[in-house]
Amino acid sequence: MSDVAQDEMAVAHEPPARRLIYRQSIWTRVTHWVWAIALFFLLLSGLNIFNAHPTLYVGRDSGFQYDNAVLKINADFNQTPAAGFVEVLGHRVATTGVFGISEHDGEREFRAFPHWMTIPSFYDLATARVVHFFFAWVLSGTLLVWLVASLLNGHARRDVVPGRTDLRRLPRDIADHLRLRFRHTRDYNPLQKLSYAGVLFVAFPLIILTGLAMSPSFNAVAPFLLDLFGGRQTARTIHFVTMLALVLFVVVHVVMVLAAGPINELRSIITGWYRADEETRP
Amino acid sequence: MSAFKLNRRRFLSAGALGASSLALGGCDVFDGFADRAHPLREFMTGANDLTYRAQRLLAGNRLAPEFSESDIRQPQRPNGVTRPEDDDYQALLANDFRDWRLEVTGLVENPLSLSREQLMAMPSRTQITRHDCVEGWSCIAKWTGVPLALVLEHARVKPTARYVMFWCMDTIERGLSGNVRYSSSIDLIDARHPQTILAYGCNNEALAVANGAPLRVRVERQLGYKMPKYLRRIELVDSFAAIGLGKGGYWEDRGYDWYAGI
């Protein structure tokens, strides 16, 4: 019998005994929750900031007399009533009610992202920037703490960075996820490792660096960042797209927690203790 | 295992819960942050001091990126007040600013009153730089003007001075308590930075009214609201306490960070 078949038998027919193991270190748990809070405020204040100029471009500057826009969230006032739209690479989708034109207390508002997606709930660029940069420091500082701690205690190498074995197990792991079949083990599964490594080593650094690339003062410190990203306005676009990727990650992450057993998953990220399936093979 | 097997209903409800947790952001619980005196907001603005210190440490006197002629793809985008209606401004404009003077006052040994011709007779600097608005857009243009450092040198800044206050001719807000004209401020590090110029030219032409004629400030390592247009007076000060609401300028008094290097 192949490994796969054997395993499937075990999963299907033997309800495994389970034991509590210490799974998440204090570093992982604290940084996890600080990031959760920081990302919440960064996202909602960021969308308020975006509302100040709801167009994204590719290049060094913003085309007012030429066209380098790649995304617009706006409203068409030639129609009555005005119609909200999102336009990506020239393709326009009607979005009245959510993007461009939305309702607040029975009033139609002209704003890219609706009131319920922004902090503050009304347009306030000054306040949104205060909130955004405060939590930008929190996010970056926490990432630095996590990196140092996880490189020193081996967490990054041992638990997060996917290895050759993980890649070999990946197809099977994808199939398991598609069937919503979860194993509860000390180690993260390959898809978890890939997504966590993607967030910690790609998305977080990328969103921080593209944020810094938008800072005129930081441009003086590290002008090569502008060349790397292809100009300030491209950096702004990448910042936005990385945000979308992080939102997608959070949604999938929360759904997976709920699907895999929210009590057990939450306990491990709060107390560190996790009820694992008994190992079915060595 | 059955306890962990999901049926479709549970999966969908999990998805809905995840989505609605995002929608929870919709509440206006955090609108209190908009109150300029909210203690948590005060606390969060501390991040601006941290940014200021970190960027001063890292940037030192380094230059903002400069661009080539081919990067200028459009006229400089005007913003904010683009045609001051103030009578005194209109009178100066009607006479092509021949009667206009730039006053340099405050904590200086040698107060100045300079005509545009005098400013243009001083050594100039031309630079192609990117203008970044706080709203998020950018526009590349070529600016010509006199380095602020030279003007400050002539005025002989007193050692007690810490900031340069820019006073403008354009009324940006008409209120019951009177009209407010634009103002802003920078520290002496930015004031003496080689790219900080008092610009009278833009894209090879005399500075247009929409862009701040006769004179505007360029502070290339900060955002647009730190580069006032329609300049009439430069004042050297040691604090903003006695000026407006005490935050160092029009937008600063209205909750925008004093340091706009980010």
Side-chain angles (χ1 to χ4, degrees), chain A residues 11-12 14-16 40-41 43-44 49-50 52-53 55 57 60-66 114-122 124-127 129-131 133-134 136-137 180-182 184 211-212 214-221 223 226 232-233 236 247 250-251 254-255 258-261, chain B residues 1-6 10-11 13-15 17-19 21-23 25-28 30-31 33-34 41 43-48 50-51 55 58-59 62-65 67 71 73-75 77 130-140 220-223 251 254-257 260-262:
Chain A
V11 170
E14 289 173 39
F40 173 83
F41 284 101
L43 172 65
L44 274 71
I49 294 171
F50 177 89
H53 189 77
T55 308
Y57 310 86
R60 293 182 167 133
D61 66 358
S62 313
F64 295 107
Q65 313 239 338
Y66 68 102
H115 72 96
W116 55 268
M117 278 192 203
T118 65
I119 288 178
S121 67
F122 42 86
D124 183 349
L125 179 56
T127 302
R129 280 171 54 85
V130 167
V131 173
F133 295 134
F134 174 80
W137 274 106
L180 299 174
R181 176 181 292 168
F182 300 100
H184 300 80
L212 284 171
M214 281 187 266
S215 153
S217 214
F218 204 79
N219 289 162
V221 177
L226 288 171
R232 181 178 192 258
Q233 289 301 319
R236 184 168 174 257
V247 168
V250 170
V251 170
V254 170
V255 168
L258 293 171
Chain B
M1 196 59 214
S2 61
F4 301 98
K5 267 201 171 158
L6 274 178
R10 191 163 158 205
F11 181 71
S13 63
L17 230 159
S21 71
L22 269 178
C27 53
D28 31 27
F30 303 106
D31 284 357
F33 292 162
R41 185 202 173 95
F43 178 71
M44 286 189 288
T45 55
N48 188 247
L50 188 59
T51 305
Q55 294 202 334
L58 291 171
R62 283 173 216 266
L63 299 182
F67 300 86
D71 293 318
R73 302 180 64 183
Q74 55 191 347
R77 165 108 172 157
R130 199 191 61 226
H131 181 94
D132 298 326
C133 178
V134 66
E135 292 169 352
W137 54 263
S138 310
C139 192
I140 293 173
E220 304 295 356
R221 300 188 302 178
Q222 295 210 46
L223 299 177
W251 286 118
R254 277 147 195 83
Y256 282 82
D257 289 323
I262 190 157

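Below, each value reflects all heavy atoms present in this structure, side chains not excepted, and no hydrogens, waters or symmetry copies. Throughout, a chain's letter reflects where its sequence line sits, starting with A, and its residues are numbered from 1.
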- Residue from B:Ala64, B:Ala260, B:Pro65 scoring the most non-hydrogen pairs under 4.5 Å with chain A is B:Pro65
- Task: Just give me the residue among B:Val134, B:Asn48, B:Thr45 that pairs up with chain A most often, heavy atom to heavy atom, under 4.5 Å.
- Result: B:Val134
Minimum heavy-atom distance between [X] and [Y], given as atom pair plus value:
{"X": "B:Arg62", "Y": "A:Val221", "answer": "CD-CA, 4.0 Å"}
{"X": "A:Asp124", "Y": "B:Ala34", "answer": "OD2-CB, 3.3 Å"}
{"X": "A:Arg232", "Y": "B:Gly136", "answer": "NH1-O, 3.5 Å"}

Below 4.5 Å from any heavy atom of chain B, which atoms of [X] appear? Answer side chain, backbone, both or neither.
{"X": "A:Phe50", "answer": "neither"}
{"X": "A:Arg60", "answer": "both"}
{"X": "A:Ile49", "answer": "backbone"}

Check for a donor-acceptor pair, side chain of [X] on one end and backbone N or O of [Y] on the other, with a separation under 3.5 Å.
{"X": "B:Gln74", "Y": "A:Phe64", "answer": "yes"}
{"X": "A:Gln233", "Y": "B:Cys139", "answer": "no"}
{"X": "A:Arg129", "Y": "B:Ile262", "answer": "yes"}
{"X": "B:Asp31", "Y": "A:Ser121", "answer": "yes"}
{"X": "A:Ser62", "Y": "B:Ser138", "answer": "yes"}

- Is the number of heavy atoms from other residues, nucleotides or ligands within 6.0 Å of CZ (B:Phe43) greater than 12? no
- Message: Using 30° and 60° as the class boundaries, would you call the ring planes of B:Phe33 and A:Phe41 parallel, tilted or perpendicular?
- Response: tilted
- Query: Which bit of B:Arg77 is near chain A, if near means a heavy-atom gap under 4.5 Å: side chain, backbone, both or neither?
  - Reply: side chain
- Message: Can you tell me which portion of B:Leu63 sits under 4.5 Å from chain A's heavy atoms? Options are side chain, backbone, both or neither.
- Response: backbone
- Note on the structure: Only residue of B:Arg130, B:Glu220, B:Arg221 satisfying side-chain hydrogen bond (donor to acceptor under 3.5 Å, both in side chains) with A:Asn219 is B:Arg130
Between atom [atom1] of [X] and atom [atom2] of [Y], what is the distance when rounded to the nearest 0.5 Å?
{"X": "A:Leu212", "Y": "B:Gln55", "atom1": "CG", "atom2": "CD", "result": "7.5 Å"}
{"X": "A:Thr127", "Y": "B:Met44", "atom1": "OG1", "atom2": "CE", "result": "8.5 Å"}
{"X": "A:Leu226", "Y": "B:Phe67", "atom1": "CG", "atom2": "CZ", "result": "6.5 Å"}

- Query: Is it true that the side chains of B:Thr51 and A:Trp137 contain a donor and an acceptor less than 3.5 Å apart?
  - Reply: yes
- Message: side-chain contact (heavy atoms from CB on, under 4.5 Å), that's the test. Do B:Asp28 and A:Phe122 meet it? Break it down for me.
- Response: CA-CA 9 Å; B:Asp28 31 27; A:Phe122 42 86; over 6 Å; no
- Among A:Phe218, A:Phe133, A:Phe134, A:Tyr57, the residue with the most heavy-atom pairs under 4.5 Å to chain B is A:Phe134
- Query: Which residue out of A:Pro223, A:Pro114, A:Pro120 racks up the most heavy-atom pairs below 4.5 Å with chain B?
  - Reply: A:Pro120
- Query: Between B:Leu223 and A:Pro216, is any pair of side-chain heavy atoms under 4.5 Å apart?
  - Reply: yes
- Under 4.5 Å between any side-chain heavy atoms of B:Cys133 and A:His53, yes or no? no
